[in-house]
Amino acid sequence: MLGSNLNPKGCKTYMKQNAENLMICLGLSEHIQEDGTAYPFGPISIFKLAKFKTYFLYPISGSNFTWVFLVNEKANEMMEGNDAKIYLKSDKEIYFGALKLPQSELAKPAKIGKLRGNDNRGFFPEGFGWSIVYFNHPDLLIPQPGEYEIILKYCGKDSVIGKVVFGYRPAPPLTSETIKAIESDPGASKTVMIEIVCNNCGGSFKAYTGIDKNPDIEKNGYIWQYDINEAEKFQCKCGQSNHYTKYIKESLHGLLISNNQTKFSGISYMRRYAHLELESIANKFYKLIESEKEEKPFQLYLEKHPVLLACFHAKKIFTKPNILGKFETDFAIINSRNELLLIELERPIPLFTKSGHPTAKLTHAYGQVRDWLFEYEKHPIAVLEGMKLNPNEVVAVRGVVIAGRESNEERKYFQRHLSQPLYQKIEFLSLEDLPKSLIQLSNDLS
């Protein structure tokens, strides 16, 4: 792994030094931002630096994090003309590549060589002692969770300059409430496919997930997530790629959830909804508003097409949940901010009187939601347990009334009602707001 052009002076000096006095691995950062001028003359922001990172799926791509090192200026002279190589070590070595340190420069931000095609950033002005070097390595795959030593290899000696730990937290199973939330997301994926490929021999492992099986995808060699043999291990013909597939079997479905932004190598997605399909769903709902006088058709249509509830950014959607055996809401939603929304759905009703005040029917809808919120205030734990929710999942509870249709005659009353809500904890939407917001979200996506 070492080059032959060693600097005798550097090696001699190195043998008298401990490697940790020259270079230290600070950990893994999710994002690094410079402010125009390279550190130390310009500020640098390092976000979410840690030596412990937890993911729900392995192998994990190096695209998810940036390696951050603290390097002493003495290392610059000592490693001049030599290749300092860094690798991870657990049960096997994972090679990073040669780290080329820059020459001392006082004022010029420097890209300091290449690390397997990726830039290291940083430079070493004299007299500053230590500088920060960081790099991203998207080609690196962490095969499995565990503790990894960071090894600096230089002048024929291996020295531990840090440790990082990759943890594993399996993705929670898909419940009916989670599936409804996925179906309510216009940007959600219908199918997620993963392919692990050996760059040397071309051997590959293919798997896919979705809410339903897809025989057409299986014809292309992909294995349904839940059909993977848990004891199976992917090993290519040449032996360079060696990965446990149990993590894919346990957690691949986690990629169906939109807030899991983790990047994985070899992932491809199939959109759940096409733009025209969303337009069709919205237009049929508009027709319901024009033609239907009862509430039930609206309830059934929303249950069948929860994507119309996209404006609530749902993580879970409950249909007709019961509140302590006393009340039944039309829908309940845990949104992306971990708020529990209790929703009252009404058929098209007159919203305002001729004088612009809420009608008795609209006031009655608000009254129902107030009853639910009052019951929650008295027995919060019991209400959440009745919905099979952990109190840690909910930071606040609010109500929502969805009712009526907007008319040109009532426009000014409608706007006044929104700007001066009757109750601070109860949001109001018209029935038209649902398809209107869906079309807007679809346009933004397309």
Side-chain angles (χ1 to χ4, degrees), residues 180-181 183-188 272-314 317-321 328-333 335 341-369 372 398-423 426-446:
K180 285 292 183 185
E183 292 175 338
S184 75
D185 181 1
R272 173 165 293 278
Y273 299 104
H275 180 67
L276 291 178
E277 183 181 2
L278 294 176
E279 276 193 341
S280 175
I281 291 171
N283 289 334
K284 288 178 181 178
F285 195 76
Y286 278 125
K287 290 180 180 178
L288 276 182
I289 296 173
E290 294 173 359
S291 61
E292 289 293 341
K293 304 299 181 184
E294 301 299 323
E295 180 184 319
K296 189 174 181 180
F298 294 94
Q299 176 80 31
L300 294 176
Y301 194 81
L302 289 175
E303 289 177 17
K304 186 177 180 181
H305 302 289
V307 71
L308 280 161
L309 300 173
C311 58
F312 296 112
H313 306 287
I317 296 180
F318 302 83
T319 301
K320 293 287 186 181
E328 185 180 76
T329 74
D330 292 311
F331 292 99
I333 288 176
N335 68 13
L341 309 180
L342 304 177
I343 299 176
E344 166 66 8
L345 178 68
E346 287 284 350
R347 59 188 173 86
I349 58 173
L351 296 175
F352 306 104
T353 64
K354 291 182 178 180
S355 60
H357 298 291
T359 62
K361 291 182 178 180
L362 179 56
T363 303
H364 175 73
Y366 275 109
Q368 287 184 286
V369 177
W372 303 340
R398 296 191 292 112
V400 180
V401 172
I402 305 174
R405 57 182 304 176
E406 303 174 35
S407 65
N408 292 330
E409 299 79 36
E410 295 179 329
R411 177 68 61 186
K412 61 181 179 181
Y413 302 142
F414 188 85
Q415 292 175 343
R416 185 177 68 184
H417 187 70
L418 292 179
S419 63
Q420 300 174 358
L422 293 179
Y423 307 101
I426 303 178
E427 181 183 359
F428 176 79
L429 284 81
S430 71
L431 288 169
E432 286 96 338
D433 283 328
L434 300 183
K436 189 189 304 180
S437 63
L438 175 60
I439 292 298
Q440 182 59 57
L441 287 170
S442 180
N443 288 336
D444 292 343
L445 286 170
S446 61

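Every heavy atom of this structure was used, including side-chain atoms; hydrogens, water molecules and symmetry mates were not.
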*Does the pair Phe285 and Lys436 meet the rule for a side chain to side chain contact (heavy atoms under 4.5 Å, CB included), with working shown?*
CA-CA 10 Å; Phe285 195 76; Lys436 189 189 304 180; over 6 Å; no

What are the two closest heavy atoms between [X] and [Y], and how far apart are they?
X      : Y      : result
Ser184 : Pro306 : CB-O, 3.1 Å
Val369 : Gly399 : CG1-CA, 3.5 Å
Ile426 : Val400 : CG2-N, 4.4 Å
Pro435 : Leu431 : CD-O, 3.2 Å
Phe312 : Glu427 : CE2-OE1, 4.5 Å
Pro186 : Leu441 : CG-CB, 4.1 Å

Does [Y] offer a backbone N or O that forms a donor-acceptor pair with the side chain of [X] under 3.5 Å?
X      : Y      : value
Tyr413 : Lys354 : yes
Tyr423 : Gly367 : no
Asp433 : Ser430 : yes
Thr359 : Pro350 : yes

Separation of [Y] [atom2] from [X] [atom1] (nearest 0.5 Å):
X      : Y      : atom1 : atom2 : value
Leu429 : Leu345 : CG    : CG    : 11.0 Å
Phe331 : Lys180 : CZ    : NZ    : 8.0 Å
Ile402 : Leu309 : CD1   : CG    : 6.5 Å

_Within-4.5 Å side-chain heavy-atom neighbours: Leu342 and Glu344_ = no

*Do the non-hydrogen side-chain atoms of His364 and Lys361 ever get within less than 4.5 Å of each other?*
no

In chain order, what residues pass the side-chain hydrogen bond (donor to acceptor under 3.5 Å, both in side chains) check against [X], with sequence neighbours excluded?
X      : result
His417 : Tyr366
Arg398 : Glu339
Gln415 : none

*Mind checking side-chain contact (heavy atoms from CB on, under 4.5 Å) for His357 and listing every partner two or more places apart, or none if nothing turns up?*
Thr353, Ser355

_Those residues that, when tested against Ile439, pass side-chain contact (heavy atoms from CB on, under 4.5 Å) (two or more places apart)_ = Glu279, Ala282, Asn443

*Begin with the C-alpha distance, continue with both residues' side-chain angles, and end with the deciding distance and a verdict on side chain to side chain contact (heavy atoms under 4.5 Å, CB included) for Leu438 and Tyr273.*
CA-CA 12 Å; Leu438 175 60; Tyr273 299 104; over 6 Å; no

Tell me which donor-acceptor pairs under 3.5 Å the side chains of residues 293-300 have, and how far apart each pair is, sequence neighbours excluded?
from   : atom 1 : to     : atom 2 : distance (Å)
Gln299 : NE2    : Glu303 : OE2    : 2.9
Gln299 : NE2    : Asp330 : O      : 3.3

*Has Lys304 got more than 12 heavy atoms of other residues, nucleotides or ligands less than 6.0 Å from its NZ?*
no

*Of Ile281, Leu302, Asp185, which is the lone residue that meets side-chain contact (heavy atoms from CB on, under 4.5 Å) with Val307?*
Ile281

